Each structure stands twice: as C-alpha cells, then as structure tokens.
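In this text the structure is predicted, and so the values were computed from the model without any measurement.
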Amino acid sequence: MSPDQPHFTILLVEDEPADAELVRIAFREARLLVDLHHVADGVEALEFLRRAGAPRPDLILLDLNMPRMSGLEFLDAIKGDPMTAGIPVVVLTTSDFDQDVHRAYAKGASSYIVKPVDVEQFIAAMKMIEQYWVTIVTLPRKGP
Amino acid sequence: MGSVVAALSRWFPASCALLLAVCLLPAVARAGNGAAELRFGVFAYLGEERTRAKYRPLADYLNDALPDLRVRLEVLPLDGIHERIADGSLDIVTTNPNHFIVSRGRQPLTGVIATLVESYDGRALDRLGGAILVEDRRTDLTRPADLRGRIIAAPSTEHIGGYRAQALELLEAGVRLPADATVVEVGQHDTAVQAVLDGRADAAFVRNGVLEHWERSGKVAPGRLRLINERAVPGFPHRVSTRLYPEWPVFALPHVNERVVRRVAAALFALEPDHPAAVAAGIHGYTIPADYLPVEELARTLRLPPFDRAPDVTRADLWRHWGTVLSALAAAGLVAAGSAAVLMVALGRERAARHRFQTLLSSLGEGVYGVDRQGLCTFINPAALRMLGFTRDEVVGHDQHALFHHRRPDGSPYPHGECPVRRTLEDGASRETEEVFWRKSGEPLPIRLKVEPVHGVGADAGAVVTFADISELKAAVDDLARSNADLEQFAYVVSHDLRQPLRMVSSYTQLLARSLGDSGDTSVREFMGFIRDGARRMDQMLVSLLEYSRVGRGGEPMEDLDSRALADEAIRFLSPAIAEAGARVTIEGDWPTVRASRNEAVRLFQNLIGNAVKYRAPGFPPVVDLSVRPVAGAWEFTVRDNGIGIDPAQFGRLFKVFQRLHVRDAYEGTGIGLAICRRIVERHGGTITVESEGAGRGSAFRFTLPDTGAAPAAAPRSASCQESRP
C-alpha cells in the first residue's frame, strides 16, 4: 500500500471517549490519511462490520474492558466468522494482565499493546502502529 | 493391629468354653427344672426399675455364659440386701463399696471376686473419687476448712463419691461432718450441683465426672464452678478433691461353691466393653478385685457403719471383735484371689493388651477399621462409626467399599479394583490419599485416608485403614481459594479501573501543557507539573500494589534450585544500577540448594541487593556482601551493606506496605519492595529480619529458607568471589 492510496480504514473499538480522542490526536499529528471510525463497544463494532455499505476496516484497534461485549468476546465473534476473520486486530488496553495477553493472542489478536501512561509515549506508539500497519505490512486485498 | 484383634477374638470364646467345660459344677440352689439357680442380688441404687433395666442384660449374659446355671436377678433396696445376705438367700451380690464393708461387718462373706470398671463417657474407670464444688466467685471458700458452718448439698451420705470421700478430706482439715456443717441430702448429683448454682448451698459434694459432664454439655460455663482441695491424680481423667476408691465389688456369699465363684468371675472378666450387655449396662467390664481397704479406712475414720458402734475402735479392737469373721474372710478372700490369679495369668496378658488396644481405639478421634483379605471389615472403632453414621453390626463382616466407598467424589461409580484399600490388599504397599467416603445418610465425607497392610497368614492378613474427617480443612481451603480469587479480582480492578482515570488526568494535563506552550503563566505550568507528578507516583503505587498482591499467584512452581544461581541472576538484572553506583557485590561461602519459586526468589535477592545499592551513604561506593549459613532446619541468607543504615526504632515499619523511611527527594521508591520480600519469604516458609546499628552504620537483611535436605546443586566455590565491580 502506498501513500497515494489514502483510504486505509481503521475501526477503533473503545468505550472511553478520552482515550478515543487521544488516538485521534495521534493520527492527526502523524498527518497520515486514515479513515478512523470509532465505536463504543463490541456490539456496536459487530453492527458496523455487518452494516451494508459500511467500509470494511483494514485494521481494528480493540480495547478489552468494555460494557455489553468485552474485547475478548468480540475477538471470538469476528475470528469465528469467515467474513471478518482476516481483519488484523491490535489490542490496545490498559491491562497488562498475563492472562489477558495470553487469551488475546490465543483468540487471534495480531498484537497486544498496553497503553502508555505518558501522553507523548502514547502518541508515539500510535504513530508506530500506524506506520507499521499502513506502510510496512501487506494486508489481504479487500474483497469485491 | 488387625492380627491382634483377630487372634484375640478367636482365642476368647475358645478359652471360655474350655473353662466352662472343666467347671461343670454342682448346683448352688436347685431350681425346679433341674438347672442350678444362682441368685444375683443387686442394690437398687437407681431405684428398682432403672437398676433392673441396667442389670438385666448382664444377668442374661451370665445365663448365656453359664448354661448350666440359671441366674436370677434380684434388685433390692439396702435393707433388703442386708436381710437377704443375713438369711443366706442370695449367692452373688454387687453393691456399692460401703454396703459391702457394712455387710461384711455383719456376717462373713467371701472376698471380692471382681471389681466393676465403669464406662464414663467412653473411658474406663475402675476407681471413683469426689469433687467439692463451689462457685468460682466465692473467694471466701478456698480450703476444706472454709466449709465449716456452711450448707453442703450431697446426693446422700451413703455415697462414697458424693459424700464420704469428701467428708474424710474435711475431717482431716478439722471439719467433722455432719456436726460442723449443714449437710443437705438432695438425692441426685445433678441436684446438688444445681443447688450451688442457685445459691441454695455453699458447696456440692459430687462424684468425679459430674462437673466434666455439666461443662461439656454446656449446662454450666467452664470456670464458673471450682474445686476445693483439688488433687492431682496422674492418668485419671476427671478433676477430684479427694483420694480415689475402688468401684463396686461383686462378692459371693460363703455358702456358694468355690468353683461356681470362679466361673462367675471368669464370665465377668470375659465381658468385653463392646458386648451388648456391657453397652446396655453402660459399663466397661469387670477387672480383678481391687483393694477395698481404703473404703474400710474411710468408714472407720468417719465412724460410719460398721464402725459406728464402737467409737474408740481401733484395728486391734476390730480384730478382737471380729477376729473370727476376719479370719474366715481372709481365707475366703485368699481362695477367690487365688482363683482369680490363675485366671489372670491365663487371661491377663492378652486381656491387658486387648484392653489397651480397645481403649486406644475408643479414644482415637480418627476413624480406624480393619479389613480381611476379601475386603470385609473385621473391626471398626466408635469414631469411624460416628463419622459414617453406621452401626457396628452394619459394618463388621461387610464389604467396606460397597458400604461407604462406592462412589467417587463426583458421584460416579468407584470400581472395586481402583479402591486404595483393595490395591493395598493386592500389592501390600502402604497408601495415603484423600478420598470421599459416603455416610449412611448419603452425604459425602471428605477424608484423608491411610491404608497399612497387615502381613500374616490366613484370617490375620488384611489391612488397617485410618481416616480423618477433612471437611473443615476442605472448606477452609475453598474459602482461601475464594479469598485469593477475590484478591486477584481486586488487583485487577486496581490495575485497570483505577489506573484508567488516572491516565486521563495525566494525559490531558500533558496535552494542556503542550497547547499552552511557553505562553502560559509559570506557576500554571508548575501546578500542572505537580498534577502529573502526583498522577505518576500514584500510578507507580498502583503497579506496586498489584505486584504485591500477585506474589504467590504469578510465581513459578516450587522446585529445587541452586541458591547461588538465583543470587547471580538477581545481580545480572541489577548490573546497570551496580555499575552506575560503582558498587562491589561479593558472594561468600558454599551456597545450598533450596526449594523455591524461581522468579520470586530472584525477585527477593534483587530487591535486597537493589536496596543495598540504592540506599548508599553519599561519597561511599556501596559494598554488598552476600553470605549463607545453616541454622536449625533452615538456611539463613544475609545481604549486608555499608549504606545509610536504619534507625532501629524504624524496624517495625520496614516490612509493611507503602512505608518509606526517607523523604522522596532523597531516595525514590514506593515503599513496597521489602513488603514484597517479606511476602515472598513467608510464602516459602521462612522469616526475614533486619539488623543495623543505626543510621549511617550499614545494615544487614537476613532471611531463612527451609532446609529441605536436597543435595547441593553446585560444586563448592571459592570462599570469596568478586561478582561485580565498577
């Protein structure tokens, strides 16, 4: 993927508006052309993925602790569905619990990132995520 | 143990049958049907009806044991006993020791042929004594002499344990009863106790065991009643205020054929505590005749019958008055004692062994049973029956596995072949395991089980099973697991839910500071710095707390590890800090193998060495010495430094959570490191202490780890080894 293909789509699943805003700030500062969609929990995220006409995300940024449907339950749901199983999921959470890390990878997460406490480090991490997934990684072609 | 029981149970009936066979004897009093009649007089001390109910099974037992004799039970009041003895219309008599002495004073009797062994709450007692009870708050009543002029409740003046024994103790203290105090005869022991509790009497005279019974059944709070003149009697299970006297004697009248006497004695001795007759009578059995001289002395000293008629009677007087009687008595006694001795030689050793064994089994809190080679139960003790809810007859002779071990803890069928008892019977190996037995009621009974094979031939071979109820232990373990899970949940909540909002505070303060740039007020930027600093520290504390709560949960499993390797690894982790401080760390001596969780033990060394490097005196390069030495059952590790030292007044705070001894500016830290050390050491079964001669004088942290006896994992090393230097 090259910079002239601007429509890299990211679905951010995050119930905390303040955290979602930090992600948005980080992407804005990186000055990259990213289509960022934000939903507040796993239920909304599934609705987004199944909604006709909604863009299929290239990457999902997933918080773990959310109301209604937790991040791990959401992982189960999309990895169990052939239509969505190919979308890489980066877990972005405050939990550094070994159990959560193990479970997330076991359920098919592509990366597990503990949100840095320092805002500068947080923004730096977001930039790295973006750089890695947008410019380095080859992702499956989007379906017809 | 099993073989002893098996041997005895075979031996006893055989020996008794043999004795009976050689002792077929002429009748004592011919009954109509030709069988000789043996008239068995019993003093109606519980009233006629209850006494008859108690002794009926014993009479039946004697009838069974002595088939050619017809034993007729005659329950009689005191006067009746005396009358019937006088006209010779009783053959064998049992009554309390007083009556025996009194009766013996009136006419010649044989000696005692057996002495009752009472069963008191499952314990065998062949002696009795008395207690003098007062309310504990009565500080005016502490010695026997204090009872002068008081009101004393006693069941009756006929009782030894309920009056006479106490009266003797008081007499020796100068208080002569009944003249020097008011003795109220209240009929029952319990009534006497109640009289004291109600304040109607100052003291109660009751026999041994009554107070224990009241306390155990909760009728009186322990400590509310106190004994006066308490005596220490080694091996006696009850508290007593008096010397001890023998239990009820069984004696024969002189007209009874000596061989009949011997057979009755044999039958009485052969009565086992678990025989229905003994159980029904609430007794343990009979033993060889006790010495009744103390009872006689008691009666004489108290001038009670038969010594009440000649006030100045002495033993010489007695001999003059009763010489003929006493001679006859002595001769008869010799005969009886001789017979008894012959019997006891035969029965004595096995009986003593069996008696000890039975007492042991009965007194055990653990369940014990034996099985033969087929897995059929050969014996079972009361505790086992109590736990399982079965009766002896339901278990003995039956398959224990089918009876109470038929299902696994999850309720699924438990095949015979997998039962540990069965497997021990097959391979002869001891086993110890946790299992679930099933009570008769169907409830599960979690137990710890031990199976020991009994090697022998034929019926002696088998196994002995002991088990203990571990349901409380199980419940405690479950509670602990739950509480640990709660703690883990709490740690999670702390780590996530509390850190999340904290992150918001620090992140957006940071963003605010950024957007302010250089334009803002200096003090505003300073304030924001404080906010962020506070948030950062709070975050560190939350992380530390989480770490503390995870000790033992996230740890690697316990294994035998080279302690030297653990210390080396900690030093490697710390090498940047060691280099930066210019510290020298030395390790001395040979280091043992210890049983530990690797990451936790490394963490322990790391915290202690790290502290030693961190809390250094300004201008002095840190020197840290690590050493180890054996102490009782453990290894003691020491981490000694030349650092800033610790005021001994602060030692108590040192190992607690979030306790810092220094201002933050001087030494950074959350104050959790040593608390974690303590938690790790204690989890490993050790202790941790600190020594310091004070501020500026260095300190030494010592902790122990149990010596598990594992072989050293590494070859001895040089006495001193420089590990790291700047």
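Looking at every heavy atom in both residues, Met504(B) comes nearest to Ala18(A) through SD-CB, 2.9 Å.
For Glu21(A), the parts lying near chain B are the backbone and the side chain together; criterion is any non-hydrogen pair under 4.5 Å.
Residues passing the salt bridge (charged side-chain N to carboxylate O under 4.0 Å, His left out) test with Arg50(A), sequence neighbours excluded: none. For Phe637(B), the ring pair (Phe, Tyr, Trp, His ring centres under 6.0 Å) partners are Trp591(B), Phe605(B), Phe703(B), not counting sequence neighbours.
Counting non-hydrogen atoms of neighbouring residues, nucleotides and ligands closer than 6.0 angstrom, the OH atom of Tyr105(A) exceeds 12 such neighbours. Other residues, nucleotides and ligands place more than 12 heavy atoms under 6.0 Å from the CD atom of Glu120(A).
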Would Arg503(B) and Asp19(A) satisfy side chain to side chain contact (heavy atoms under 4.5 Å, CB included), going step by step from the backbone distance to the final call? CA-CA 9 Å; Arg503(B) 256 170 32 78; Asp19(A) 263 339; 2.3 Å; yes
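Using a 4.5 Å heavy-atom cutoff, the side chains of Ser507(B) and Leu22(A) are in contact. With contacts defined as side-chain heavy-atom distances shorter than 4.5 Å, the pair Arg514(B)/Ile123(A) qualifies.
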